[in-house]
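None of these values were measured; they are calculated from a predicted model. Just follow the structure's listing: the first ligand is 1, and inside any ligand the first atom is 1.
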Amino acid sequence: MTTSVPTLADLLATGVEGRTVLVRSDLNVPLDGSTITDAGRILASVPTIKTLSDAGAKVIVTAHLGRPKGAPDPAFSLGPVAERLGAELGRNVQLATDVVGGDALARSEGLTDGDVMMVENVRFDPRETSKDAAEREKLAKALVELTGDEGAFVSDGFGVVHREQASVYDVAKLLPHYAGGLVAAEVEVLAKLTTDTARPYAVVLGGSKVSDKIGVIEALAPKVDTLVIGGGMAFTFLAANGLSVGSSLLQEDQIETCKSLLERFGDVIHLPIDVVVADKFAADAEAKVVPSTEIPDGWMGLDIGPEAVKRFAAVLGEAKTVFWNGPAGVFEFEKFAAGTKGLAEAIIGATKGGAFSVVGGGDSAAAVRTLGLPEDGFSHISTGGGASLEYLEGKELPGLKVLES
Ligand SMILES: Nc1ncnc2c1ncn2[C@@H]1O[C@H](COP(=O)(O)OP(=O)(O)O)[C@@H](O)[C@H]1O
Ligand SMILES: O=C(OP(=O)(O)O)[C@H](O)COP(=O)(O)O
């Protein structure tokens, strides 16, 4: 962190006993129904929450889950998360049925020292993600009201610091604010990737948040030696090369951008030479490997193919610095997990050979763990995907910038 950002230690030094502290965590974990398939982000958030609770603060945790459409939706309830957080903390974590309504307010007023509560998915309130700053400020003010007279705000959701959202950004303007332990630790590691980076420097991109991340490539391509592209992201690039991508994930409005990127950075960008296509988006889909030039109509690419893995592994084997965000395929389905596993193994190999490697993102980190890969095979596993990428591209992250005062 920059020295101008107050930290958790600074807050503790002011004394927190009896005060209500609002903590923004990133608890956006992958779920299968109501079962958490990877609790990494919850585990990473526990130390800050526990430190505050142990110091006698009344802790209110805010977080989002997925991308609900600005209204309550039981499929995106933080219920399973609150339960797991409670199990990890060894204490009951009550969950308000609303974000800033009567239930949240009543529960916050009933807190005793050391208690931890959560409010419901903050994205159930449309003001959280509003582009209108005045709307966001209204929600931020309502969140501040939950903290009473001597409240404080701890920003600990590193995975969301790139979002200018009410619970991340606007609330920090209204309360004494501090960077949590996780945010401080993440920034410290990522800073190593922005200065004196050992070369060759490779960035591996994949995943499904295509429109979010294509923009990042523009800024990263000139800074790196190798940009490996897999996952859902690859198909817009393949389409930009004039290939037919069947019913694969495609961001049509970005094809021209990808064309321009390929023209300017064609020597840096590596695209998959083959892909695994499926007849439907399902674990039991029929799957076959085809060259990227021959994706059949009606089929969708759900993984990179074995030849692509081999070629990507060869370039990654040379790298001395690697950042990876976004699975190479739909690793949640066994048939489409080989590409992600292969790339991870290549990065682990490079790390053994002395490279500094970071994997970031909720699903990418989950892939490492659920595919049984060794977590210590990487130099660092970050909770942030998009946030890490935007940090690496040198962009000002609103959720960090707002803490600098
Ligand atoms: N070819 C593909 N088509 C559709 N989805 C994909 C494809 N490849 C990867 N994905 C999906 O991308 C998701 C993760 O994307 P993203 O959120 O961008 O990564 P992260 O959370 O690591 O930042 C995974 O759930 C995975 O199933
Ligand atoms: O999962 C997240 O980011 P990531 O997929 O880039 O790791 C964060 O929780 C941010 O979620 P958002 O991309 O819906 O704002």
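Ligand 1 lies within reach of Lys213, whose nearest heavy atom is under 4.0 Å from it. Within the 4.0 Å heavy-atom cutoff, Phe336 does not count among the residues contacting ligand 1.
Closest to atom 22 (O) of ligand 1 among all protein heavy atoms lies Ser364 OG, 2.5 Å. Protein heavy atom in closest approach to atom 5 (N) of ligand 1: Val330 CG2, 3.7 Å. In terms of protein heavy-atom proximity, atom 13 (C) of ligand 1 is closest to Ser208 OG, 3.4 Å. The closest protein non-hydrogen atom to atom 25 (O) of ligand 1 is Glu332 OE2, 2.5 Å. Here the protein heavy atom with the shortest distance to atom 7 (C) of ligand 1 is Gly232 N, 3.4 Å.
Taking every heavy atom of Lys209 and a limit of under 4.0 angstrom, the matching atoms of ligand 1 come to 17 (O), 18 (O). Proximity to Leu302 (heavy-atom distance under 4.0 Å) selects the following atoms of ligand 1: 1 (N), 3 (N). Atoms of ligand 1 found under 4.0 Å from any heavy atom of Phe235 (numbered from 1 in listed order, with element): 1 (N).
A 4.5 Å side-chain heavy-atom check between Pro272 and Phe312 finds at least one atom pair inside the cut-off. Contact annotation: the side chain of Tyr178 never approaches that of Leu403 to less than 4.5 Å [non-hydrogen atoms, C-beta and beyond]. Proximity of Pro398 to Val168: side-chain heavy atoms (C-beta onward) are nowhere separated by under 4.5 Å.
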(request) Carefully, step by step, assess Asp225 and Arg199 under the rule salt bridge (charged side-chain N to carboxylate O under 4.0 Å, His left out). (result) CA-CA 8 Å; Asp225 303 298; Arg199 300 277 172 169; 3.1 Å; yes

(message) Asp196 vs Lys192, test: salt bridge (charged side-chain N to carboxylate O under 4.0 Å, His left out). Steps then yes/no.
(response) CA-CA 8 Å; Asp196 300 330; Lys192 291 188 197 164; over 6 Å; no

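Atom 3 (N) of ligand 1 has its nearest heavy-atom neighbour, among Gly326, Gly301, Ala387, Pro30, in Gly301. Counting heavy atoms only, Asn325 comes closest to atom 23 (O) of ligand 1 of the residues Asp363, Asn325, Val276, Leu205. The option from Pro327, Gly360, Gly385, Gly361 that lies nearest to atom 19 (O) of ligand 1, judged by heavy atoms, is Pro327.
When each of Thr340, Leu371, Asp303 is tested with Pro327 by the rule side-chain contact (heavy atoms from CB on, under 4.5 Å), just one qualifies, namely Thr340. When each of Leu193, Ile217, Leu220 is tested with Val203 by the rule side-chain contact (heavy atoms from CB on, under 4.5 Å), just one qualifies, namely Leu220.
For ligand 2, the protein residues placed under 4.0 Å by at least one non-hydrogen atom are Asp26, Asn28, Arg41, His64, Arg67, Arg123, Gly159, Val160, Arg163, Lys209, Lys213, Gly361, Gly362, Gly385, Gly386.
With respect to Arg84 and Glu88, a salt bridge is recorded, a charged nitrogen being found less than 4.0 Å from a carboxylate O.
Under a cut-off of 6.0 angstrom, the local environment of CG in Asp253 is crowded, with over 12 non-hydrogen atoms contributed by other residues, nucleotides or ligands.
Residues passing the salt bridge (charged side-chain N to carboxylate O under 4.0 Å, His left out) test with Lys335: none are found, sequence neighbours excluded.
Stacking of Lys288 on the aromatic ring of Trp299 is recorded, both the 6.0 Å distance cut-off and the 45° axial limit being met.
Ring pair Tyr201/Phe323: centre-to-centre distance not below 6.0 Å.
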